[in-house]
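Worksheet: the structure to be examined is printed underneath.
Basis for what follows: all heavy atoms, side chains included, without hydrogens, waters or symmetry-related copies.
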Amino acid sequence: MENVGKKRSRPRRAFTPEFKAEVVELCQRGDRTVGQVARDFDLTETAVRQWVKQAELDAGTRSDGLTSDERAELARLRAENRRLQQDVDILKRATAFFARETR
């Protein structure tokens with residue numbers, strides 16, 4: 001009886017950039033609303049709205065977020081920062097180890 005009234009969570013799906021571009025184009029044409037396009041393709045309205053927003057950011061028609069290139073660069077820089085932090089931690093431990101050894 002625990003699941004009464006609860007929706008089952010949907011399995012995570014992956015979509016190709018071409019599919020997303022097609023959905024975005026349908027939304028931007030203006031023939032149908034975002035909700036109608038989402039229903040037609042069995043997608044969540046939130047996902048479709050996010051795809052449209054990202055396409056507008058990439059095209060330069062919006063400026064209230066990061067473009068795809070900026071997001072990729074940010075992810076790369078965060079990974080590099082994480083790796084460099086690990087390197088610093090290793091060097092700190094090695095310095096402390098060798099400082100004890102020389103005493």
Side-chain angles (χ1 to χ4, degrees):
M1 293 296 281
E2 291 178 22
N3 292 337
V4 174
K6 289 187 180 179
K7 281 188 173 181
R8 270 192 161 162
S9 64
R10 204 175 198 176
R12 191 161 193 80
R13 298 182 294 172
F15 301 100
T16 64
E18 294 81 17
F19 177 77
K20 290 179 183 182
E22 180 184 338
V23 170
V24 167
E25 183 184 335
L26 287 171
C27 292
Q28 290 177 336
R29 262 195 237 151
D31 300 346
R32 296 182 274 176
T33 66
V34 172
Q36 289 170 329
V37 172
R39 279 189 298 280
D40 291 347
F41 287 93
D42 189 32
L43 302 167
T44 63
E45 196 170 328
T46 304
V48 175
R49 286 189 191 284
Q50 184 60 39
W51 295 349
V52 170
K53 178 182 178 184
Q54 191 62 51
E56 290 172 350
L57 287 167
D58 291 344
T61 57
R62 285 182 84 136
S63 61
D64 60 337
L66 300 176
T67 64
S68 295
D69 291 339
E70 291 169 334
R71 284 181 184 275
E73 182 181 14
L74 182 59
R76 183 187 62 76
L77 290 172
R78 284 181 174 162
E80 182 181 353
N81 190 24
R82 193 170 26 256
R83 185 185 54 78
L84 292 172
Q85 286 289 358
Q86 290 171 346
D87 291 350
V88 168
D89 290 342
I90 290 169
L91 290 172
K92 282 181 183 177
R93 283 189 234 124
T95 303
F97 174 78
F98 288 116
R100 280 193 306 263
E101 288 289 313
T102 58
R103 289 185 189 168

Item to check | From Leu84 atom CG to Gln86 atom CD, the distance as rounded to the nearest 0.5 Å | outcome: 9.5 Å

Next on the checklist: Quick check for you: to the nearest 0.5 Å, what is the distance between Gln85 atom CD and Arg82 atom CZ?
Outcome noted: 10.5 Å

Item to check | CD-SG distance between Glu22 and Cys27, expressed to the nearest 0.5 angstrom | outcome: 11.0 Å

Checklist entry - Taking ILVMFWY side chains as joined if any heavy atoms are under 4.5 angstrom apart, and letting links pass through other members, which residues group with Val23? => result Phe15, Phe19, Val24, Leu26, Val34, Val37, Phe41, Leu43, Val48, Trp51, Val52

Return a table of donor-acceptor pairs under 3.5 angstrom between the side chains of residues 66-79 and protein atoms on other chains or two or more places apart.
residue	atom	partner	partner atom	Å
Thr67	OG1	Glu70	N	3.2
Thr67	OG1	Glu70	OE1	3.4
Ser68	OG	Gln54	NE2	3.4
Ser68	OG	Asp58	OD1	3.3
Ser68	OG	Asp58	OD2	2.7
Glu70	OE1	Thr67	N	2.8
Arg71	NE	Gln54	OE1	3.1
Arg76	NH1	Glu80	OE1	3.4

Item to check | side chain to side chain contact (heavy atoms under 4.5 Å, CB included) evaluation trace for Lys53 with Leu57 | outcome: CA-CA 6 Å; Lys53 178 182 178 184; Leu57 287 167; 4.2 Å; yes

Next on the checklist: Holding to salt bridge (charged side-chain N to carboxylate O under 4.0 Å, His left out), I want the full list of residues that pass it with Asp89, two or more places apart in sequence or in another chain.
Outcome noted: none

Next on the checklist: In the structure I gave you, are the side-chain heavy atoms of Arg13 and Asp42 within less than 4.5 Å of one another anywhere?
Outcome noted: yes

